[in-house]
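Read the structure below first, then the notes.
Whatever order the structure lists them in is the order used to number ligands and atoms, beginning at 1. Since the structure is predicted, the reported quantities are computational estimates derived from the model, not experimental observations.
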Amino acid sequence: MKVLVKKLSYLFLFLLVSQFTSPGRSRHIEESKPCKHLVLYYHDKLFNGTDLSNATSAATANATRLGFNFGMLVVFDDPMTKDHHFLSPAVARAQGLYFYDMKTNYNAWFAYTLLFNSTKYKGTLNIMGADIMSAENRDFSVVGGTGDFFMTRGIVTIRTDTAQGDYYFRLQMDIKLYECYK
Ligand SMILES: *[C@@H]1O[C@H](CO)[C@@H](O)[C@H](O)[C@H]1NC(C)=O
Ligand SMILES: *[C@@H]1O[C@H](CO)[C@@H](O)[C@H](O)[C@H]1NC(C)=O
Ligand SMILES: *[C@@H]1O[C@H](CO)[C@@H](O)[C@H](O)[C@H]1NC(C)=O
Ligand SMILES: *[C@@H]1O[C@H](CO)[C@@H](O)[C@H](O)[C@H]1NC(C)=O
């Protein structure tokens with residue numbers, strides 16, 4: 001009996017040690033199984049010079065002559081809604097910037113925070129990535145979060161839902177978080 005207990009305790013010790021040293025320590029993340037999943041719509045109404053009350057973004061640096069808006073910087077405070085409608089109640093705000101950064105096609109780089117202040121979620125998601133507009137789906141990185149999204153990480157897959165002229169576009173943002181601590 002004593003020997004068995006001793007053997008078992010060695011086994012237990014071995015399992016405990018291997019937990020912290022083996023490659024099994026790195027967690028296996030399945031793409032199809034996010035720990036949190038939200039689909040929201042981002043509405044960007046670029047200031048056209050007169051629509052002060054409805055504009056949600058403005059170019060703060062103009063495009064250069066390199067083509068495809070290269071160099072144009074837009075700062076935004078955009079509503080995020082659960083459906084396609086611009087006038088639906090915003091469940092979060094997207095605050096940040098994008099700028100065009102390609103000479104041979106429309107490409108932009110985004111860096112922004114999603115601010116949640118609702119009964120469901122309070123906190124932020126910090127997001128960045130390349131918007132390669134020629135691709136149907138583009139992936140941004142969720143590099144961190146606060147509040148209900150404490151220390152999170154994940155992927156935002158974006159898709160252009162509509163683009164109407166130069167002054168309004170809407171993106172579907174499929175937010176998949178793979179690390180959740182809350
Ligand atoms: C703002 O949007 C509302 C609703 O779409 C519209 O009725 C109004 O004319 C717009 N105002 C301006 C200044 O563009
Ligand atoms: C800007 O948008 C408003 C509202 O949609 C529109 O009434 C106005 O004519 C537009 N101005 C320009 C310069 O496009
Ligand atoms: C931005 O650049 C465009 C094209 O060169 C020009 O038409 C427009 O007036 C410029 N806007 C500002 C605010 O400088
Ligand atoms: C969140 O919403 C509450 C209630 O509307 C408000 O009092 C508070 O100032 C808001 N906080 C932020 C950070 O916007």
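For ligand 2, the atoms lying closer than 4.0 Å to a non-hydrogen atom of Thr50 are 1 (C), 8 (C), 10 (C), 11 (N). Using a 4.0 Å cut-off to heavy atoms of Asn48, the atoms of ligand 2 that qualify are 1 (C), 2 (O), 3 (C), 8 (C), 10 (C), 11 (N), 12 (C), 13 (C), 14 (O).
For Asp148 and Lys182, the salt-bridge test fails: no basic side-chain N is under 4.0 Å from an acidic carboxylate O.
For the residue pair Asn48 and Thr50, a side-chain donor N or O sits within less than 3.5 Å of a side-chain acceptor on the partner. Looking at Asp44 and Tyr98, their side chains do bring a donor and an acceptor atom within 3.5 Å of each other. Checking Thr124 against Thr146 by side-chain atom types alone, a donor-acceptor pair falls below 3.5 Å.
For ligand 2, the polar-atom distance check against Tyr167 finds no nitrogen or oxygen pair separated by under 3.5 Å.
Distance check for atom 9 (O) of ligand 4: every protein heavy atom is found at 4.0 Å or beyond. For atom 4 (C) of ligand 4, the nearest protein heavy atom lies 4.0 Å or farther away.
Regarding atom 14 (O) of ligand 4, its nearest protein heavy-atom neighbour is Asn117 ND2, 3.3 Å.
Only one option out of Phe76, Tyr167, Tyr168 pairs with Ser57 in a side chain to side chain contact (heavy atoms under 4.5 Å, CB included); it is Phe76.
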